[in-house]
There are 2 protein chains.
Amino acid sequence: MINSRLAVSVHILALIATHPGQALSSEYIAGSVNTNPVVIRRLTGLLRQAGLLQTVAGKTGATLTKDPAAITLLMVYRAVEPKETLFSMHDRPNPACPVGRNIQSTLDDTFVRAQQALEAELEVETLSDVIHRLASAR
Amino acid sequence: MINSRLAVSVHILALIATHPGQALSSEYIAGSVNTNPVVIRRLTGLLRQAGLLQTVAGKTGATLTKDPAAITLLMVYRAVEPKETLFSMHDRPNPACPVGRNIQSTLDDTFVRAQQALEAELEVETLSDVIHRLASAR
DNA sequence: TTACATGTAATTAGTTTAGTTACAGAAATT
DNA sequence: AATTTCTGTAACTAAACTAATTACATGTAA
């Protein structure tokens, strides 16, 4: 199961995008997400490193550096997900066995395709899409 | 990161399929996978429950109940993966906040689509495909 | 200068994963 | 029939990961 960092990060970005001109503190955001402010600051740190938002240490608030329509969920996912590969493989299968010797490279093909299919879906969805769906659900 | 159970399970099934008529013990399979025999027996138990293979308690070996071309990697994945949903969500976002109130249902749409895209890739690949690629890599 | 914010390191509790030990029960071997 | 060997499964352990939390250095603003 993939961690909840993508979900929380989208929540954070959606809050910022829907409150233009308002400086939202990590504590305020944490109240909406229902978590600890430090969790929010850790994620905004990663989002800042990825160039998705800007903050000033000591100053309340964060601002998006791109238009919500230009921020894909894949960008957010990549920003906060430390692991590059989605599927794990068992290590050191027996090289003396024809199956063990080639299973990793063989499975890797499949796993890469599956991961790319997932990422392609995250890439076609933008923060703007999320915000519109949030609004229509209201 | 998704656990390595799919990788190990495909390894197990590929071994069985490529050794027709030979009764492979969990210890032999464990030697090829490079793990403990109990890990193999646990997975074969799940694969048996899913109807992918048959075993007899006390008797060495396992046999596939379907043609390798009829076993998709999605079947294997579903057999050994306990979690239905791939992405985690933070729980109890603030219902008093318009974003918090609707973020879960909104993100769920995206997450379901992404997961389905991944599963679709696993569905088009069969054990037979894996075995052929194993053979051509040799 | 005081109050309050962010950034970040360190610690903790809970969960998950894989590996391991142990053993009951079934099958095969002698 | 007794012994050996296998599978099935429960129970325990160590390692890794996640999120929550505490603590505090540092920056901003009133």
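Protein chains get the first letters and strands the later ones, always in sequence-line order, with residue 1 at the start of each.
Taking side-chain N and O atoms only, B:T35 has a distance below 4.0 Å to OP1 or OP2 of C:dG19.
For the pair A:I2 CD1 and C:dT15 C1', the computed distance is 17 Å after rounding to whole Å. Rounded to an integer number of Å, the gap from CG of A:N36 to C1' of D:dT18 is 14 Å. As rounded to whole Å, 12 Å separates atom P of D:dT18 from atom CG of A:L46. Summarising the geometry, the separation between CZ on B:R92 and P on D:dA19 is reported as 15 Å, rounded to the nearest angstrom. Rounded to a whole Å, the CD1 atom of A:I12 is 12 Å from the P atom of D:dA19. In this structure, A:I29 atom CD1 and C:dA5 atom P are separated by 12 Å, rounded to whole Å. The distance between atom CG of B:D91 and atom P of C:dT15, rounded to the nearest whole Å, is 12 Å. Rounded to a whole Å, the CG atom of A:L43 is 13 Å from the P atom of C:dT8.
Looking at B:L107 and A:L6, their side chains never come closer than 4.5 Å, going by heavy atoms from C-beta outward.
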(Q) How would you summarise protein contacts on nucleotides 7-17 of chain D per nucleotide, using B for base, S for sugar-phosphate only and - for none, with heavy-atom distances below 4.0 Å? (A) BBBBB-----S
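A donor and an acceptor atom, one from each side chain of B:R133 and A:T106, are nowhere located under 3.5 Å apart. Side-chain contact, B:T35 with A:H90: no donor N or O sits under 3.5 Å from an acceptor N or O. Counted by atom type alone, B:D91 and B:Q104 present zero donor-acceptor pairs between their side chains at under 3.5 Å.
If you check every strand for non-hydrogen atoms under 4.0 Å, A:S88 touches nothing.
For B:D108, there are no salt bridge (charged side-chain N to carboxylate O under 4.0 Å, His left out) partners, not counting sequence neighbours.
A salt bridge between A:E84 and A:R78 is absent, with no side-chain N of the basic residue lying under 4.0 Å from a carboxylate O of the acidic one.
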